[in-house]
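Everything on this sheet refers to the single structure shown next.
Since we're looking at a predicted model, the values are computed, not measured. In what follows, every heavy atom counts, from backbone to side chain, and hydrogens, waters and symmetry copies are set aside.
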Amino acid sequence: EVQLQASGGGLVQAGGSLRLSCAASGFAFGDYAIGWFRQAPGKEREGVSCITNRLRSTMYADSVKGRFTISSDNAKNTVYLQMNSLKPEDTAVYYCAADPLCVVVMSPVLRQTDYTGQGTQVTVSS
């Protein structure tokens, strides 16, 4: 059974930090790109960040570059998203997703990823 278990969301003040985790199981972790997209109320899904586990290449949305860092621990089949300098506009449900291509994870409106986990709520107060 494929699972993408997301955790680490919560409520934080603007300028604060959170670290999201995505624990993957049930598929070949090293063959997939894994990342995060988010959806705020009334808005479309937006790709946030992605990492390819074989080449360790990364992608970031312009809105989070310099503030968010994605990393992976292949021994634990887990991907992390360190979110610093959080802003109220970062408030959304964050979903962990896996696909052979990072570009698909980063474009959730155009094409559905192979696997998507349950969301975790991130709320940033001003």
Side-chain angles (χ1 to χ4, degrees):
E1 180 187 4
V2 171
Q3 286 193 339
L4 290 171
Q5 187 70 38
S7 61
L11 173 63
V12 65
Q13 288 188 331
S17 299
L18 285 172
R19 188 176 82 154
L20 305 184
S21 298
C22 175
S25 61
F27 63 96
F29 185 80
D31 291 341
Y32 276 76
I34 297 180
W36 303 85
F37 63 84
R38 65 188 180 186
Q39 188 165 24
K43 294 188 177 181
E44 286 189 337
R45 291 181 170 185
E46 174 192 18
V48 175
S49 184
C50 182
I51 185 167
T52 60
N53 289 312
R54 190 173 299 279
L55 299 177
R56 301 297 183 100
S57 61
T58 58
M59 295 179 69
Y60 295 94
D62 287 344
S63 58
V64 307
K65 280 180 182 176
R67 300 188 297 122
F68 291 11
T69 302
I70 193 168
S71 61
S72 68
D73 184 337
N74 285 12
K76 296 182 179 180
N77 281 11
T78 300
V79 172
Y80 304 97
L81 185 68
Q82 179 66 43
M83 306 186 296
N84 298 329
S85 302
L86 282 162
K87 304 175 181 180
E89 51 264 43
D90 294 317
T91 295
V93 178
Y94 284 69
Y95 296 89
C96 177
D99 194 271
L101 299 174
C102 249
V103 67
V104 176
V105 175
M106 295 297 289
S107 305
V109 175
L110 298 180
R111 186 175 128 185
Q112 188 172 0
T113 54
D114 277 10
Y115 309 119
T116 302
Q118 92 289 359
T120 185
Q121 176 71 47
V122 171
T123 303
V124 184
S125 62
S126 57

Counting distance only, does the side-chain N/O of Asp31 pair as donor-acceptor with the main-chain N or O of Ala28 below 3.5 Å? no
Tell me, do Arg38 and Val93 make a side-chain contact under 4.5 Å, heavy atoms counted? no
Spell out, as yes or no, whether a donor-acceptor pair under 3.5 Å connects the side chain of Thr52 to the backbone of Ser57. yes
To which residues is Val104 joined in a hydrophobic cluster, defined by side-chain heavy-atom contacts under 4.5 Å among Ile, Leu, Val, Met, Phe, Trp and Tyr, whether direct or through other members? Leu101, Val103
Take the angle between the ring planes of Phe68 and Tyr94 and call it parallel below 30°, perpendicular above 60°, tilted in between. tilted
Can you list the steps and then say if Thr78 with Asp73 is a side-chain hydrogen bond (donor to acceptor under 3.5 Å, both in side chains)? CA-CA 5 Å; Thr78 300; Asp73 184 337; over 6 Å; no
Quick check with a 6.0 Å cut-off and a 45 degree axis cone: is Arg45 positioned over the face of Phe37's six-membered ring? no
Residues Tyr32 and Ala98: closest non-hydrogen pair is CD2-C, 3.9 Å
In this structure, would Met106 and Trp36 fall into the same cluster of hydrophobic residues linked by side-chain contacts under 4.5 Å? no
What about Ile70 and Tyr80, same hydrophobic cluster or not, with Ile/Leu/Val/Met/Phe/Trp/Tyr joined at side-chain heavy-atom distances under 4.5 Å? no
Is any side-chain heavy atom of Ile34 less than 4.5 Å from a side-chain heavy atom of Val105? no
May I ask you to decide if Tyr115's main-chain N or O and Thr113's side chain share a donor-acceptor pair within less than 3.5 Å? yes
Distance in Å, Gln3 CD paired with Cys22 SG, rounded so as to fall on 0.5 Å steps: 10.5 Å
Ala92 to Gln121 - nearest heavy-atom pair and separation: O-NE2, 3.4 Å
Do Thr120 and Tyr95 have side chains that approach each other closer than 4.5 Å (heavy atoms only, starting at C-beta)? no
Which disulfide (SG to SG under 2.5 Å) pairs, counting each pair once, include a residue from residues 33-69, with sequence neighbours left out? Cys50-Cys102
Pair Asp62 + Lys65, salt bridge at N-O below 4.0 Å: yes
Validation row: Ser49, Ile51 side chains within 4.5 angstrom (heavy atoms): no
Is the closest side-chain heavy-atom distance between Gln82 and Ser17 below 4.5 Å? yes
Please assess Ser71 against Arg56 for the test side chain to side chain contact (heavy atoms under 4.5 Å, CB included), listing each intermediate value before the final yes or no. CA-CA 8 Å; Ser71 61; Arg56 301 297 183 100; over 6 Å; no
Any side-chain heavy-atom pair of Met83 and Val122 under 4.5 Å: yes
State the OG-CZ distance between Ser85 and Arg67, to the nearest 0.5 angstrom. 7.0 Å
Are Thr123 and Thr91 close enough that a side-chain donor and a side-chain acceptor fall under 3.5 Å? no
Could you check whether any side-chain heavy atom of Val79 comes within less than 4.5 Å of a side-chain heavy atom of Cys96, counting everything from C-beta outward? no
Give a yes or no answer on whether the side chain of Gln118 reaches the backbone of Ala6 with a donor-acceptor pair at less than 3.5 Å. yes
Residue pair Ala14 / Pro88: nearest heavy atoms and the distance that separates them: CB-CD, 4.1 Å
Distance check, rounded to the nearest 0.5 Å: Lys87 atom NZ versus Ser126 atom OG? 14.0 Å
Donor-acceptor pair, Asn77 side chain versus Phe29 backbone, under 3.5 Å? no
Tyr60 side chain reached by Thr69 side chain, heavy atoms, under 4.5 Å: yes
